[in-house]
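Written below as structure tokens is the structure these notes are about.
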2 protein chains.
Amino acid sequence: MRILKELPLVPAERALKVLGGRWKVYVLYFLFDGPMRLSELRRQIPDVSQKVLVQQLREMEEHGIVHREVFAEVPPRVVYTATKLGLSLRPIVSALCAWGRRHAAELDVLDDGSPAASPRARKRA
Amino acid sequence: MRILKELPLVPAERALKVLGGRWKVYVLYFLFDGPMRLSELRRQIPDVSQKVLVQQLREMEEHGIVHREVFAEVPPRVVYTATKLGLSLRPIVSALCAWGRRHAAELDVLDDGSPAASPRARKRA
DNA sequence: CGGTATCCATTGTGATACTG
DNA sequence: CAGTATCACAATGGATACCG
């Protein structure tokens, strides 16, 4: 039953969960280039509500890929940074991005390498 | 507003969506090693219900990473294969897996590279 | 500015039973 | 064996308004 839990793939699930949030790749993308304040992130990612953005940042913080630092200044300043671990995701995000492009391309050409001449027996779709 | 939609990251979202199902990496993992029938997949992934497994397979098929072939034999036989595109995910799954391991390790050691000596001002957690 | 509290819609996942 | 139909339910995501 926990056969699965010992499979070498399980770590992949963890990684997917870490990246899985709707806006996490965007956040990472910007944090890869340096620290950012919440308001800056909101400007860069206009489609996300503040609540959700903060939510995602909290999760990323818990996952150890983002660091949150509070400066107790007059106008409160909060800066988010990618941790070393977070930065280590960069090549993966790049790979995902590259694959996403390929995906789009292949779907267009329908360059499917599998037995393409086989009888597709299902009627749906 | 659709600033985001033109960002190089958007493809990454697509990739994440393709891999995002609860059982998809497992399915891929097994299909990487060769074609499989539904019943075989169920045996390999005992924790998934048939309904959900079929659901995930359908999505993967629509995404072009899995191929479904029906043999109109006496006992109906259906074989699932990873397409060329699906196989192209292999290195990514590996990378995710590797990162997942590192993630676990780093969280243990708390080897966070970011300004670790900074005042963590939040009270929650 | 940065963040929380509510409330609500959508989605994903799952147990179960039934069909060709 | 392979698959669908129902029903249920938790997790996500989002809109809005309010707080220090």
Quickly work out the [X] [atom1] to [N] [atom2] distance and round it to whole Å.
{"X": "L57(B)", "N": "dC1(D)", "atom1": "CG", "atom2": "C1'", "answer": "14 Å"}
{"X": "R68(A)", "N": "dG2(C)", "atom1": "CZ", "atom2": "C1'", "answer": "8 Å"}
{"X": "L53(B)", "N": "dC1(D)", "atom1": "CG", "atom2": "P", "answer": "14 Å"}
{"X": "R42(B)", "N": "dC1(D)", "atom1": "CZ", "atom2": "P", "answer": "10 Å"}
{"X": "E61(B)", "N": "dA2(D)", "atom1": "CD", "atom2": "P", "answer": "15 Å"}
{"X": "E69(A)", "N": "dC1(C)", "atom1": "CD", "atom2": "C1'", "answer": "17 Å"}
{"X": "E73(B)", "N": "dG20(C)", "atom1": "CD", "atom2": "C1'", "answer": "16 Å"}
{"X": "R43(B)", "N": "dA2(D)", "atom1": "CZ", "atom2": "C1'", "answer": "13 Å"}

Counting side-chain heavy atoms from CB outward, which of [options] is closest to [X]?
{"X": "K51(B)", "options": "dG20(D), dG13(D), dA15(C)", "value": "dA15(C)"}
{"X": "Q55(A)", "options": "dG20(C), dG14(C), dG13(D)", "value": "dG13(D)"}
{"X": "S39(B)", "options": "dA2(D), dC1(C), dC7(C)", "value": "dA2(D)"}
{"X": "R22(A)", "options": "dG2(C), dT16(C), dG13(D)", "value": "dG13(D)"}
{"X": "L38(A)", "options": "dG13(D), dG2(C), dC7(D)", "value": "dG2(C)"}
{"X": "S49(B)", "options": "dT4(D), dG14(D), dG14(C)", "value": "dG14(C)"}

Main-chain N/O of R37(A) paired to E40(A) side chain as donor or acceptor, under 3.5 Å: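 Yes, E40(A) side chain to R37(A) backbone: donor-acceptor pair under 3.5 Å.
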Can you work out whether P76(A) or K17(A) has the more 5'-proximal nearest nucleotide on DNA chain D?
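Result of the comparison: K17(A).
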Touch check for [X], heavy atoms < 4.0 angstrom, all strands: base, sugar-phosphate only, or nothing?
{"X": "Q56(B)", "answer": "sugar-phosphate"}
{"X": "Y80(A)", "answer": "sugar-phosphate"}
{"X": "R37(B)", "answer": "sugar-phosphate"}
{"X": "V52(A)", "answer": "base"}

Practice task
Give the C-alpha distance, both sets of side-chain angles, the deciding distance and a yes or no for side chain to side chain donor-acceptor pair (under 3.5 Å) between Y80(A) and E61(A).
Solution key: CA-CA 9 Å; Y80(A) 293 92; E61(A) 204 191 344; over 6 Å; no
Please determine whether a side-chain nitrogen of the Lys or Arg among [X] and [Y] lies less than 4.0 Å from a carboxylate oxygen of the Asp or Glu.
{"X": "E59(A)", "Y": "K24(A)", "answer": "yes"}
{"X": "K84(B)", "Y": "E106(A)", "answer": "no"}
{"X": "R22(B)", "Y": "E13(A)", "answer": "yes"}

